[in-house]
*Asks:* 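Before I ask anything, let me first share the structure, which is written out below as structure tokens.
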Amino acid sequence: MKLDRLLAITMILIQRRRIPAKELADMFEVSVRTIYRDIEAINQAGIPIVSYQGANGGIGIMENYRLNQHILTQEELASVTMALKSVASTYRDARAEVVLGKIRGIVESTQSEAFKMMSEQIYIDYSPWGGDAPQKEKITRIKHAIQTSSLLSFTYHNVSGTISERIVEPHTLVLKGRQWYLYAYCTNKCEFRLFRLSRLKEPVLLEDAFQRRPINLEELPWDNEWRKPGQTVQLVLRFVPQIRSIVEEMFGVDHIRIDEQGYCWVSEAYPLDDWLYGFVLSFGPRVEVVEPLFFRENIQKLAHEIGSIYSGSSSPTCSSISAEQKAGGKKRDET
């Protein structure tokens, strides 16, 4: 596409002082004549490009010319660079690399070291330890479906272990609580749902396109869904003093009450599902569920079953606690 080629040539000329027309022609698989026509178009757009003769000649932007960089300050450009580098740690984004190249071209050469220092003060690495190539490929594929407004099909395992085939209209990738989700309109349920990527298998882009539905992301619609009556349970937890630093890091010091004995009290609302039981059990004997009573009793039953397995009195089986008991007597349709 000519417009893409013109932009790419401009970025190359910003980063390189001079380049032979033949090298540009080979790079874009066009004739030298076509390159000179492109150069003329760039000149007409207001960027002065000239030809230099001699052994070190070639095409280059006129000396002392710089693109207007007053739109963003050095600090603002550094913030953009930090954000784009963090995004690149999660999925492949060719456009992000192009933007980073543009920013490097805008920065004055005399300020390059100072800019490098500013842009490296913070690095947010979203990728897991050891890397996760399959997850990166999954995110890249889903992002492509969003960009092209293509229907997406996949196999989904919900929190209850139920497996279903879904066809959705993918709208937004969401990073929430260190986990990636897909916010999409589910054609099976005829409503928007939040799908956790770790439970989403074999995403396939379909040929059918969809019309994007109006959503207001500033309202965090997935949070509104999360807070619906009956979807959450208010837990009151008491942690032993020995893990105070862990509790403060996990819940935040403003959400913790310390009693006279040094115990940490936390009151938080969570989605009522199998994950929540596993989360509480992960603290072992260092936490006590104070409220609600049904959740406390279910934790006691699960702990007893775990103890039975290791005491040799029983073999591993599915939990005897029913879905209704885990949900406090209410069935829930979990995505």
Side-chain angles (χ1 to χ4, degrees), residues 86 89 121-130 132 159-161 174-181 194 196-199 220 222-314 316-330 332 334:
S86 300
S89 71
Q121 292 177 4
I122 298 176
Y123 190 95
I124 304 172
D125 186 359
Y126 293 121
S127 63
W129 292 105
D132 191 348
V159 293
S160 302
V174 181
L175 180 63
K176 181 80 171 177
R178 302 181 184 180
Q179 291 290 337
W180 278 101
Y181 298 85
L194 196 63
R196 184 164 167 170
L197 260 59
S198 60
R199 301 189 187 123
L220 303 179
W222 39 85
D223 269 3
N224 295 332
E225 180 71 21
W226 190 84
R227 293 190 181 97
K228 277 186 177 179
Q231 294 285 90
T232 62
V233 60
Q234 189 74 26
L235 286 187
V236 178
L237 306 172
R238 188 178 75 151
F239 295 88
V240 297
Q242 290 82 354
I243 63 168
R244 175 173 175 174
S245 60
I246 297 176
V247 176
E248 289 178 342
E249 181 179 351
M250 181 166 292
F251 298 96
V253 293
D254 296 333
H255 295 83
I256 300 170
R257 178 176 66 84
I258 309 298
D259 65 18
E260 295 178 355
Q261 288 76 38
Y263 284 89
C264 305
W265 291 73
V266 175
S267 179
E268 289 283 347
Y270 288 98
L272 185 54
D273 53 29
D274 285 347
W275 174 88
L276 185 57
Y277 284 94
F279 171 71
V280 173
L281 287 170
S282 69
F283 290 97
R286 297 175 294 180
V287 66
E288 176 188 359
V289 177
V290 180
E291 296 177 5
L293 180 60
F294 84 87
F295 197 92
R296 177 185 175 95
E297 291 175 345
N298 288 341
I299 286 289
Q300 183 181 19
K301 292 177 183 178
L302 289 169
H304 177 72
E305 290 179 4
I306 294 172
S308 299
I309 292 172
Y310 290 97
S311 67
S313 60
S314 67
T317 59
C318 293
S319 171
S320 59
I321 301 176
S322 67
E324 290 84 355
Q325 287 177 305
K326 286 185 179 180
K330 300 177 182 178
R332 301 173 68 238
E334 287 290 344

*Asks:* So do Ile256 and Phe239 actually touch side chain to side chain, heavy atoms under 4.5 Å?
*Replies:* no
*Asks:* On the 0 to 90° scale, with breaks at 30° and 60°, tag the Tyr270-Phe251 ring pair as parallel, tilted or perpendicular.
*Replies:* perpendicular
*Asks:* Output the distance between atom SG (Cys264) and atom CD (Gln242), rounded to the nearest 0.5 Å.
*Replies:* 9.5 Å
*Asks:* To the nearest 0.5 Å, how far apart are OH in Tyr277 and OG in Ser282?
*Replies:* 14.5 Å
*Asks:* Going by side-chain hydrogen bond (donor to acceptor under 3.5 Å, both in side chains), name the residues that satisfy it together with Arg296, two or more places apart in sequence or in a different chain.
*Replies:* Glu288
*Asks:* Enter the distance from Lys301:NZ to Ile299:CD1 here, rounded to the nearest 0.5 Å.
*Replies:* 12.0 Å
*Asks:* Could you grab the distance from atom CD1 of Ile258 to atom CD of Glu248, nearest 0.5 Å is fine?
*Replies:* 6.0 Å
*Asks:* So do Val280 and Leu235 actually touch side chain to side chain, heavy atoms under 4.5 Å?
*Replies:* yes
*Asks:* Given side chains that start at C-beta, do those of Val266 and Val236 come closer than 4.5 Å, heavy atoms only?
*Replies:* no
*Asks:* Identify, with sequence neighbours excluded, every residue that meets side-chain hydrogen bond (donor to acceptor under 3.5 Å, both in side chains) alongside Asp259.
*Replies:* Trp265
*Asks:* From Phe283 CZ over to Leu237 CG, what is the distance, rounded to the nearest 0.5 angstrom?
*Replies:* 8.0 Å
*Asks:* To the nearest 0.5 Å, how far apart are CZ in Arg238 and CZ in Arg257?
*Replies:* 10.0 Å
*Asks:* Output all residues satisfying side-chain hydrogen bond (donor to acceptor under 3.5 Å, both in side chains) with Gln234, sequence neighbours left out; order by chain, then residue number.
*Replies:* Ser267
*Asks:* Does any part of the side chain of Glu305, heavy atoms only, come nearer than 4.5 Å to the side chain of Leu302, both counted from C-beta?
*Replies:* yes
